[in-house]
Protein chains: 2
Amino acid sequence: MSSQNIPTRDRILKSTWQLLEVGNGNAVRMSDIAKAAKISRQALYLHFPNRADLLTATTRYLDEVHDIDAKLVKSRSAASGTERLEAWVETWGNYIPTIFGVAKALMAMQETDDEAAAAWNDRILAIRDGCEKAVQALKADGKLTDNMSEEEATDLLLTLLSVRNWEQLRITCNWTQDRYIDMMQQLTAQALVKSE
Amino acid sequence: MSSQNIPTRDRILKSTWQLLEVGNGNAVRMSDIAKAAKISRQALYLHFPNRADLLTATTRYLDEVHDIDAKLVKSRSAASGTERLEAWVETWGNYIPTIFGVAKALMAMQETDDEAAAAWNDRILAIRDGCEKAVQALKADGKLTDNMSEEEATDLLLTLLSVRNWEQLRITCNWTQDRYIDMMQQLTAQALVKSE
DNA sequence: CTCTAACTTTACATGGTGTCAAGTTGACAT
DNA sequence: ATGTCAACTTGACACCATGTAAAGTTAGAG
């Protein structure tokens with residue numbers, strides 16, 4: 001097994017991600033992860049103090065593996081505000097499937113665990129930042145609708161692009177990923193771009 | 001205390017609702033409910049076999065108390081498709097705050113408990129029906145956008161009007177209820193009504 | 001050969017749900 | 001007055017997941 005050579009920590013993170021990925025974020029226990037990583041449940045706690053920490057480390061791991069920063073930089077190079085909004089929706093929307101499992105597990109923990117709540121909040125802030133930048137680009141072009149303030153526009157964009165909405169359309173309603181992206185691009189443009 | 005005279009079952013349902021309401025659906029235990037209803041934790045199980053059943057009974061109780069059916073009938077009497085969409089968004093959107101606590105608790109249970117998942121799904125189907133009717137009214141008027149099928153339009157409307165989106169805007173982003181309704185009416189109209 | 005870091009095994013505390021069984025209480029019928 | 005029944009109480013316990021604690025194993029580096 002080549003997986004035996006990978007450092008334990010990485011093997012744990014990879015296993016965590018895979019289990020959450022195939023199970024769509026449902027009910028993955030510490031013991032399941034340990035089994036998948038071929039170590040004892042207790043050894044997990046030698047690497048991560050608790051479940052919340054393991055999950056947040058997994059999101060960081062995914063960000064690294066997929067070099068999300070590079071993709072974000074690319075989406076920021078769009079010429080006009082409308083193109084930038086489109087690019088942002090596409091970039092983030094296409095990243096959701098990757099992190100969905102871990103995100104769902106973190107969201108579920110959030111209700112009861114303060115640490116998990118803080119961790120998830122942190123990630124949301126990063127996404128909100130992307131939304132805000134897109135709104136600002138629109139505003140700079142004089143293309144932001146007069147129906148709302150920049151802050152409201154950011155709130156709305158963040159809400160439309162939520163992981164839950166992706167889950168609803170992509171998983172529950174069985175839309176294709178392309179259809180989801182397409183629809184979100186339309187929807188956000190209609191909502192935020194001034195019509196003339 | 002007048003509450004001593006109310007039949008136990010009703011007192012339980014009322015307590016459940018109140019606890020979930022004030023706590024925004026967070027972490028209400030069976031023992032908390034028992035204490036609030038002034039009975040022992042075990043007596044709860046004489047009235048409801050488990051937590052999922054208690055929660056679903058609470059939603060039905062709320063539907064009854066607020067006579068939601070009557071409100072829905074009213075929203076269906078709108079003349080045009082666009083008016084009907086507007087009325088539906090307003091009716092449902094204004095009902096969300098009432099059921100939010102219970103809904104959140106039920107959604108949280110859904111991840112692990114099959115019975116809770118089925119119960120919540122049942123409720124969603126009822127709401128989906130409202131969305132579908134609104135879309136059909138739009139279609140009948142020839143006002144449904146050509147961008148999507150009736151089914152897709154229903155999926156989208158259901159997603160936009162989700163409890164999670166309400167929570168995001170109303171609680172997390174601190175929007176007023178009026179602003180929420182207003183924005184949702186705009187958003188759904190832009191997305192679903194044919195522009196000419 | 002020894003020390004140490006990474007791991008294993010076993011055991012146990014905690015906190016919530018749900019089950020079980022034996023007792024209490026008050027109203028109502030006979 | 002007595003028995004019965006339903007609604008409740010009390011106390012104990014099984015289950016399951018997280019997290020803690022402690023003692024033992026093992027492989028590699030000095």
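Reminder, nothing fancy here: chain letters follow the sequence lines and each chain counts from 1. This is a predicted model, so every value here is computed, not measured.
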Heavy atoms only: give me the nearest B:Arg170-B:Trp175 pair and the separation to one decimal. NE-O, 2.5 Å

Integer-rounded Å distance: D:dT25 C1' and A:Gln42 CD: 15 Å

May I have the distance from A:Met30 (atom CE) to D:dC16 (atom C1'), rounded to whole angstrom? 15 Å

When rounded to whole Å, the CZ to C1' distance for the pair B:Arg41 and C:dT17 reads 7 Å

What donor-acceptor contacts under 3.5 angstrom involve side-chain atoms of residues 82-93 of chain A, with partners at least two apart or in another chain?
unit_1	atom_1	unit_2	atom_2	d
A:Thr82	OG1	A:Ser80	OG	3.2
A:Thr91	OG1	A:Ala87	O	2.8
A:Trp92	NE1	A:Leu161	O	2.9

To check you understand the geometry: which heavy-atom pair defines the closest contact between A:Thr56 and A:Asp53, and what is its length? OG1-O, 3.0 Å

Rounded interatomic separation in angstrom, taking CZ from B:Phe48 and C1' from D:dA7: 14 Å

Does a side-chain N or O of B:Thr8 approach OP1 or OP2 of D:dC8 to a distance below 4.0 Å, or not? yes

Using a 4.0 Å cut-off on heavy atoms, which residues in residues 99-121 of chain A reach DNA chain C? List them by number, or say none. none

Can you tell me how far P of C:dG16 sits from CG of B:Asn50, to the nearest Å? 18 Å

For C:dA6, does either OP1 or OP2 sit under 4.0 Å from a side-chain N or O belonging to A:His47? no

Have a look at B:Arg9 and say if it touches a base, only the backbone sugar-phosphate, or nothing, with a 4.0 Å heavy-atom cut-off. nothing

Please classify the nucleic acid contact of B:Leu46 as base, sugar-phosphate, or nothing, using heavy-atom distances under 4.0 Å. base

In whole angstrom, what separates A:Ile39's CD1 from D:dT26's C1'? 16 Å

Could you tell me the separation between the CG atom of A:Leu44 and the P atom of D:dA17, rounded to a whole number of Å? 15 Å

CG of A:Asp69 to CD of A:Glu64: how many Å apart, nearest 0.5 Å? 9.5 Å

Out of C:dT9, C:dG16, D:dT18, minimum distance to the side chain of B:Arg29 belongs to C:dG16

Hey, could you give me the CG/CG distance between A:Leu62 and A:Asp67, rounded to the nearest 0.5 Å? 13.0 Å

Closest heavy-atom pair and its distance - A:His47, A:Thr8: NE2-CG2, 3.7 Å

Please lay out, stage by stage, how A:Lys133 and A:Asp129 fare under the test salt bridge (charged side-chain N to carboxylate O under 4.0 Å, His left out). CA-CA 6 Å; A:Lys133 295 271 166 56; A:Asp129 191 60; 3.0 Å; yes

Which nucleotide, C:dT8, D:dT9, D:dT18, lies nearest any side-chain atom of A:Arg51? D:dT18

Please report, rounded to the nearest Å, how far the P atom of D:dA22 is from the OH atom of A:Tyr45. 17 Å

